[in-house]
Structure formats: C-alpha cells, structure tokens
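This report concerns only the one structure given below.
All values reported here derive from a predicted model rather than from experimental measurement. For ligands, and for the atoms within them, numbers begin at 1 and follow the listed sequence. Every heavy atom of this structure was used, including side-chain atoms; hydrogens, water molecules and symmetry mates were not.
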Amino acid sequence: MKRKWKVGILGATGTVGQRFIQLLERHPWFEVADIAASDRSAGKSYQQACPWKISGHMPVYVRKMKVKDCVPNLDCDLVFSGLPSSMAGEVETAFAQAGYAVLSNSKNHRMDEDVPLLVPEINSEHLGLLAIQQKNHHDRAGYIITNPNCSTMALVLALAPLDVAFGIEKIHVVTMQALSGAGYPGVASLDIIDNVIPYIADEEEKVETEPCKILGKFRDGKIMFADFKISAQCHRVNVLDGHLEAVSIALKQRPSLHQFIEALKSYRSLPQELELPSAPQFPVVHVEGLDRPQPRFDREVENGMATVVGRIRPCKVFDFKFDLLGHNTIRGAAGAAILNAELLVKQRLLMARS
Ligand code: NAP
C-alpha cells in the first residue's frame, strides 16, 4: 500500500488547529507528521501547549508530539494553516517558497488573483490557477490554496445549485455566528453572556466578496467574478459551534417552491462522484421542521461537512427566504481544507517532499 501523505499543521494548538488534529486522527490518506504554533508553544509537547477545547479527548497520537516553530523545515509534504491573519500571509508564503503545498484557512491570500479560493463541489477548475501562481512567483516551488471564511462556506454550498439552476440576481444575508469562530479565548464572557454583538471585524466584507470569486468562472487564466450583489449583516451570538444564516435571495428565473427545494436537495458534485473520504454524501441537507435548522441539533449533520437548510418559503421583497446552518470549524475551516487536499491527491497535484 502507498504510504500516507505526511501533513504538518501550522497553528496546531488553536481552535482550527485542534479540529485538524481531531479530523486527521484516522484519515485514510494523511498522517500528521509535524505540528507548529507560536514561540509560546514551541518546544513543548502538544498536551503541555494546547488548551484542548473541543468535545472528545485530545487524540493519543498527538499528545507527546513536540510543537515546533512555524518555519519551513517541517517534515511533511503539505501544510494545513490555522494561523491568525496577523502573520499567516508571510508564513504561508515562506512555506510555499520552500516547496510545500499550503492549504490555508486565513484571509490573507484568499483574494490574490492567482490563488484558488477552492470549494471542490463548486470550482475545481480554479485549480488551473496553480500553474499561473507558480509562473507568477518564480520563487514559489510549492503553492497556496485557500478555503473560504466560515460564514461564506456555509452560504456558497447553498448558492451554487441555485445559481446553476436559476441564476442569482442578489442576496441579503444576516449571520448569527458561533463563539468558536472567534478562536480561543475569543470573545470575553462578560461581553457575550445575555447578549448579541452586531459586529464582527471584516466579516461583512468577506461574506460580500468571497462568494463572487468562488462562483466565478475560470477563463483565459483568470477568475471572472460572478456578477450578483450580496449584502451581509454579521452578528456574534452565544452559541458554541455552528453559524446560522438567514438568507433572502432574488433569482434570474423564478422557480416554484418545489423546484427551489429540489435544486438544493438534489445537489451532488465532484467530491461525491470521486467519493473523497471527507465529502458529505449530500452537500446540502434540507430539514423539514418549522423551527429548524438549529445549531445544537443540526451542526453535526453529515459529520459537520454539509450546509443544512430549512424554513424555505416565498419572500415578499426577494423571491425566496430560508435559513441555513454550517459547522464553522469543520466545513467552515479544517474540514474544508482537508477536502481540498483530498481533491489535490485525486487530481495528482500534490508533490511528495518528504
Ligand atoms: P486561535 O484559536 O487564536 O489559534 C491561533 C493559532 O495560531 C494557535 O495555534 C497559536 O499558537 C498560533 N499562533 C498565534 N500567533 C502566532 C505566531 N505569532 N506565530 C505562530 N503561530 C501563532 O485562532 P483560530 O480560530 O484557530 O483561527 C485560525 C485562523 O483560521 C484565523 O486566520 C481565522 O480567521 C481562520 N478561521 C477560523 C475559523 C473558526 O471557526 N475559528 C473558521 C474559518 C477560518 P499558540 O497556541 O502557541 O498561541
């Protein structure tokens, strides 16, 4: 049997990093070979350095692994990055220059013209940017691929089938975002208990721009952004995991309510055809209850890799309105990057370094 690909995790002790550690524990194609974080953690064992905050125990395989510095001398073929945006840009570039495939959760490179903002269900053809990225940066033996912001991720999985079937004209979305989305220690308890905060720095800009790149077409070596408009209002709420979003949408062709729901429910795409190990069987799951989806009950659907939609109904201002839910640290972060890496394996775009 071929050996597993060796992966490194940058920011391994953080909220997203912990999710990588958990999701990769028994991964059929990848094994965690190296972990890195800040100089506060470097030199310590993972169990000394990491304030494990997700449900389930810290996996045994990682407890005694030594945390290293985020410098490009890790013993692995690719790195997953869960680094803060304050320094992710430079560090990820350094790893790409040193020949690593970098799969990033940070915002820094998402909108670079030659960097794919990859969602395997939607835009695998954007991987054509990798050759252009390497041509543009002669010093980059590896490459950078990004996954979307956590709210964007949940939203675009529902938008993609609607855009294909009916064309999107405009969207209004109100997000209610979980605390784990702010990392650890994140929002102070005295700010969020008994409260909702109607502001998350930079979030509305990300939700308003990233979907247009993701749903854009790859033509003549460039991404032609989708032309619909999005207005977003983002809120932090007192929920642990799972971003809920209230969406109103206007379409170019007006389907019946039944056709609208069927387009979402019947959506399948490349990761499902390729049977990638982390792919949800159904990227969009429709729940029937009048009061669903809800974070506590629906965030684990499809192991946290799907967008759960419900309350689909006609809208008097737009065409339809509905609620959707996505697990922000699974499909909204670590799970998305792992699915991206699985697609790279299938498309023979990963290079062995180690
Ligand atoms: P976090 O909980 O604050 O974790 C940050 C990680 O980065 C920790 O491992 C930390 O190591 C490390 N780090 C901090 N400063 C560093 C430095 N100067 N050098 C090297 N490593 C450093 O943050 P997070 O929520 O996991 O988010 C990580 C990234 O993912 C961010 O860019 C965020 O925007 C993005 N993201 C987060 C989510 C989410 O739901 N949380 C979703 C999508 C995208 P120490 O433990 O040693 O300090």
Name of the residue among V79, L344, T146 meeting side-chain contact (heavy atoms from CB on, under 4.5 Å) with L103: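 By the side-chain contact (heavy atoms from CB on, under 4.5 Å) criterion, L103 pairs with just one of V79, L344, T146: L344.
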Ring geometry between F20 and F80 (parallel below 30°, tilted from 30 to 60°, perpendicular above 60°): parallel
Of the protein's non-hydrogen atoms, which lies at the shortest distance from [atom], and what is that distance?
{"atom": "atom 27 (O) of ligand 1", "value": "V16 CG2, 3.9 Å"}
{"atom": "atom 19 (N) of ligand 1", "value": "M87 CE, 3.1 Å"}
{"atom": "atom 3 (O) of ligand 1", "value": "Y184 O, 3.8 Å"}
{"atom": "atom 13 (N) of ligand 1", "value": "P84 CD, 3.8 Å"}

Check ligand 1 against [X] and write out every atom of the ligand that is under 4.0 Å from a heavy-atom position of the residue.
{"X": "S41", "answer": "45 (P), 46 (O), 47 (O)"}
{"X": "N328", "answer": "40 (O), 42 (C)"}
{"X": "T329", "answer": "40 (O)"}

NZ on K346 to CD on E275, rounded to 0.5 Å: 8.0 Å
Heavy-atom protein contact below 4.0 Å for atom 34 (O) of ligand 1: no
Check: M65 main-chain N/O paired with S45 side-chain donor or acceptor under 3.5 Å: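 The answer is no, because no donor-acceptor pair under 3.5 Å joins these two groups.
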Donor-acceptor contact present, side-chain H126 to main-chain K222, <3.5 Å: no
N328 versus S180, side-chain donor and acceptor atoms under 3.5 Å: yes
Test item, A88 contacting ligand 1 (heavy atom, 4.0 angstrom): no
